[in-house]
Amino acid sequence: MPELPEVESLRLSLEPRLEGRSFDRIIVRERRLRQSVPVSLETELPGRRIDAIARRGKYLLIHAGADTLLIHLGMSGSLRWQALGSAPRRHDHVDFVLGGEVLRYHDPRRFGLIAWCPGTGTDHPLIASLGPEPLEPGFDGAWLHRMSRGRRLAIKALLMDSHWLVGVGNIYASESLFRARIRPTTVAGRLSLARCARLAEAVRDVLAEAIAAGGSTLRDYVGSDGTPGHFQKGASVYGRAGEPCRVCGTAIRQIRLAGRASYWCPHCQR
DNA sequence: ACGGGGGCCTGGCGGC
DNA sequence: TGCCGCCAGGCCCCCG
């Protein structure tokens, strides 16, 4: 469930505690994540100076020397600081030991990813195939309009395609479309330039506000200090089927779109 | 090339 | 009370 704001919140919290330091030891209890956790992680990473913590889409890139630790939380992953020696619990798959503490990777569903890749990680196939960042310059209404021409799928499905645009998952796709007053089922290629401009602005605003709030509280998400974020309290439509729209009072509807639950207000969104 | 759907995996919840 | 089926999320892969 972690989307871009959650991963960015995590990156910000890790940065001051990791930069310039190095892991003493890596302990892997379970290798079976989305990809098998490579043994080179334990042999290569310890002792290396951590130079920077970056984010690309929902991936964390921890640059250590010439190489890079790649982490993706999947749907249920989390990284939390715990005291060295505290007993690992079920689904605590990997420990990154640093000083008197452990940065512990926990992931019940094991959809996450921990990889050790040579170089900066940007040429890793998973990273190289990603679309642009919604919070970087270049993502605007004109880009969205140009890049959606000829696409016949629903705009919500397109927004959630990380090879097209990164960072927008199921929650923020619904929230952004509500903010832009566009129905999730609208065929992407038929959106006018004006509506694309509204949508681009809505995506940026929703993501920026969620980052400012420390990420969503939805489902399993917790920050690296164990405290939940606060965004979901302010959700306009996500998870609110049958409840009144906060703007007009009309009952929020839920449909299934490309296999995902989608929420929208039939009055506000056209 | 494009779009839809299934699979991965587990915990939590609703229904019987 | 217990069990069973369904659902959630991100991403990859396969199919038409």
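Proteins get letters first, then strands, A, B, ... in listed order; numbering begins at 1 in each.
- Dashed line: the shortest gap from a side-chain N or O of A/Arg151 to OP1 or OP2 of B/dC2 is not under 4.0 Å.
- OP1 or OP2 of C/dC12 lies within a sub-4.0 Å distance of a side-chain N or O belonging to A/His163.
- As rounded to whole Å, 13 Å separates atom C1' of C/dC12 from atom NE2 of A/His124.
- Judged by distance alone, with hydrogens and angles left aside, the side-chain atoms of A/Arg151 form no donor-acceptor pair with the main-chain N or O of A/Ala188 at under 3.5 Å.
- Of the candidates A/Val166, A/Ile71, A/Leu126, A/Tyr59 forms a side-chain contact (heavy atoms from CB on, under 4.5 Å) with just one, namely A/Leu126.
- The side chain of A/Arg110 contributes no N or O atom lying less than 4.0 Å from OP1 or OP2 of B/dC8.
- Mapping A/Gly259 and A/Phe111 onto DNA chain B via the closest heavy atom, the residue that lands nearer the 5' end is A/Gly259.
- Proximity of A/His91 to the phosphate of B/dT10: no side-chain N or O atom is located under 4.0 Å from OP1 or OP2.
- Applying the 3.5 Å distance criterion, the base of B/dG4 shares no donor-acceptor pair with the side chain of A/Arg152.
- Remark: A/Glu42 engages A/Arg31 in a salt bridge, criterion side-chain N to carboxylate O under 4.0 Å.
- The CE-C1' distance, from A/Met160 to C/dG10, rounds to 8 Å in whole Å.
- Whole-Å rounding puts the A/Arg260 CZ to C/dC7 C1' distance at 11 Å.
- Among the nucleotides B/dG4, B/dT10, C/dA8, the one closest to any side-chain atom of A/Leu153 is B/dG4.
- Shown here is A/Arg49, whose CZ atom has more than 12 heavy atoms of other residues, nucleotides or ligands within 6.0 Å.
- For the P atoms, the distance linking B/dG6 with C/dC6 amounts to 13 Å, nearest Å.
- Spacing between atom CG of A/Asp107 and atom C1' of C/dG10 amounts to 11 Å, rounded to whole angstrom units.
- B/dG12 atom C1' lies 14 Å from atom CZ of A/Arg90, rounded to whole Å.
- If you check every strand for non-hydrogen atoms under 4.0 Å, A/Arg32 touches nothing.
- Between the CG atom of A/Leu113 and the P atom of C/dC12 there is a distance of 9 Å, given to the nearest Å.
- Spacing of P atoms, B/dC9 relative to C/dC3, comes out at 24 Å, to the nearest Å.
- Between A/Arg11 and A/Glu15, at least one side-chain N (NZ, or NE/NH1/NH2) sits under 4.0 Å from a carboxylate O, which counts as a salt bridge.
- The A/Lys58 side chain lies nearest to C/dC11 when the options are C/dC12, B/dT10, C/dC11.
- Salt-bridge check for A/Arg204 with A/Asp140: failed, with every basic side-chain N at 4.0 Å or more from each acidic carboxylate O.
- Comparing B/dT10, C/dA8, C/dC11 by their nearest atom to the side chain of A/Pro108 picks out B/dT10.
- Residue contacts for A/Ala261: at a heavy-atom cut-off of 4.0 Å it reaches the sugar-phosphate backbone alone, with no base atom in range.
- Comparing atom distances between the A/Arg34 side chain and each of B/dG11, C/dC11, C/dA8 picks out C/dC11 as nearest.
- Regarding A/Asp161, its CG atom lies at a distance of 10 Å from the C1' atom of C/dC11, rounded to whole Å.
- One can place CG of A/Leu165 at 12 Å from P of C/dC11, the figure rounded to the nearest angstrom.
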